[in-house]
Amino acid sequence: MAICNSGNCGCGNRIVSNVVQNMPSGCMDVCVTPICGDPSVLSILAPLIYDEIGINLCATFTLGIDVSTTYPTAVNANVQVISMTYTYGDGNVQITPIVGRPNCYQVTLSNLTVNFAVNLYDSDCRLLGTIPVTAVYLPPATTDATYDEDTNPTSVTLEIFAPYGVSYSGTTAPLTPVLNQINFEAGNNVVTQGLNLYALPKALGLDITSDTITVGLTLILQSLYYAGYNVASGGKIQTPKGSIVSPENTDCMQFVAGDLLDLSIKPLELGPPNCGENLKNDCTPGVSCGDCPATTSTSSCSGTASNFGNECGCSNETTSNSGNSCGCGNNGSNNSSSTSRSGFGLGRFL
């Protein structure tokens, strides 16, 4: 219960909400720092349906155009209800409370003008055009073109449970109960507290010769009121991301959809112990590279034929030169130091 927080009995107008008043000791002040994170329970204001009832109607009416001339390849159609129009009173829509049963109402439906959008398609289901068409369901007279005793009578009366009452137009007498329609017309497609009516259509037949269409119509009457509820939270919605990249699997498309290019060849590693800062011919024969002076005279290899391929430029080496300290590559199979050579001879391996 929200209580007064002024500290004296005659506190008057200051009443603190439950959230502000009942924060546990040590918690943040929600008036200074809003609560963040995902809650386990959400408080929502939801439009709840307390009762509903539906009926099916059917009527055949003209499209108002010469289909064979305007759309000569049309063979199929579907329909959508854009809106419904009606008035209140005798021979139209009437909403009356049931005597002795204050929580229930009688709703008489008659003379409903339904505005359709009719889509025409060819045999390959390609849309040819959309036609606005108007037809009367539950016509007020038996002489009307769409009247049928069984499928589209002059009126129908429905009883519905509406415990919190109905909506009214205006605030002055006489108060007129109203029936809100839910449709696809811009600016007039929302639910309201009280009684709501919406329609679901289905195209049952298209006659190109007579330019007529047969449409079945489901009318659903609902009593609806807003109420606050606690519901378990499953976390925020994760919206899936769409891609503007075509799914076509080509080299160009894979490249465009892939990662960015980057320079991946590493620079040379110079310095001890690999002597990369010195050319191999700058080493003094028989002297390790670590002791190699900055400048020396060039010496050619004077080894035996078995030393073929020795890159050190040093003499008296053999093919079993596993202890070569020059850090230079050796073509002998046992040269364990050759794998530590970095940088030089790079062109041979590319």
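Values below: all heavy atoms of this structure, side chains included; hydrogens, waters and symmetry mates excluded.
Inter-residue side-chain proximity for Asn180 and Ser167 is flagged as unmet; no heavy-atom pair is nearer than 4.5 Å. Between Leu219 and Leu112, the closest side-chain pair of non-hydrogen atoms falls below 4.5 Å. Counting only heavy atoms from C-beta outward, the side chains of Val118 and Leu63 approach each other to under 4.5 Å. Using a 4.5 Å cut-off on side-chain heavy atoms (C-beta onward), Ile213 and Phe116 make no contact. Using a 4.5 Å heavy-atom threshold, the side chains of Val215 and Phe61 count as touching. Counting heavy atoms from C-beta on, the side chains of Thr60 and Asp148 never come closer than 4.5 Å. Side-chain contact between Ser155 and Leu138: absent, with no pair of heavy atoms (C-beta onward) separated by less than 4.5 Å. Between Asn115 and Pro132 the shortest side-chain heavy-atom distance does not fall below 4.5 Å.
Atom OH of Tyr229 has 12 or fewer heavy atoms from other residues, nucleotides or ligands within 6.0 Å. The number of heavy-atom neighbours closer than 6.0 Å to CG of Asp124, taken from other residues, nucleotides and ligands shown, is above 12.
Here the side chain of Asp211 pairs a donor or acceptor atom with the backbone of Val67 at under 3.5 angstrom.
Nearest heavy atom pair, residue Pro139 against residue Asp144, reads CB-OD2, 3.1 Å.
Counted by atom type alone, Glu185 and Asn183 present zero donor-acceptor pairs between their side chains at under 3.5 Å.
In summary, of the residues considered (Ile208, Thr73, Ile131), a side chain to side chain contact (heavy atoms under 4.5 Å, CB included) with Leu120 occurs for Ile131 alone.
Within the structure, salt bridge (Lys or Arg N to Asp or Glu O under 4.0 Å) pairs that include any residue of residues 42-62 do not occur (at least two apart or interchain). Pairs passing the ring-ring contact (aromatic ring centres under 6.0 Å, His included) check and including a residue from residues 138-191, sequence neighbours excluded, read Tyr50-Tyr164, Tyr164-Tyr225.
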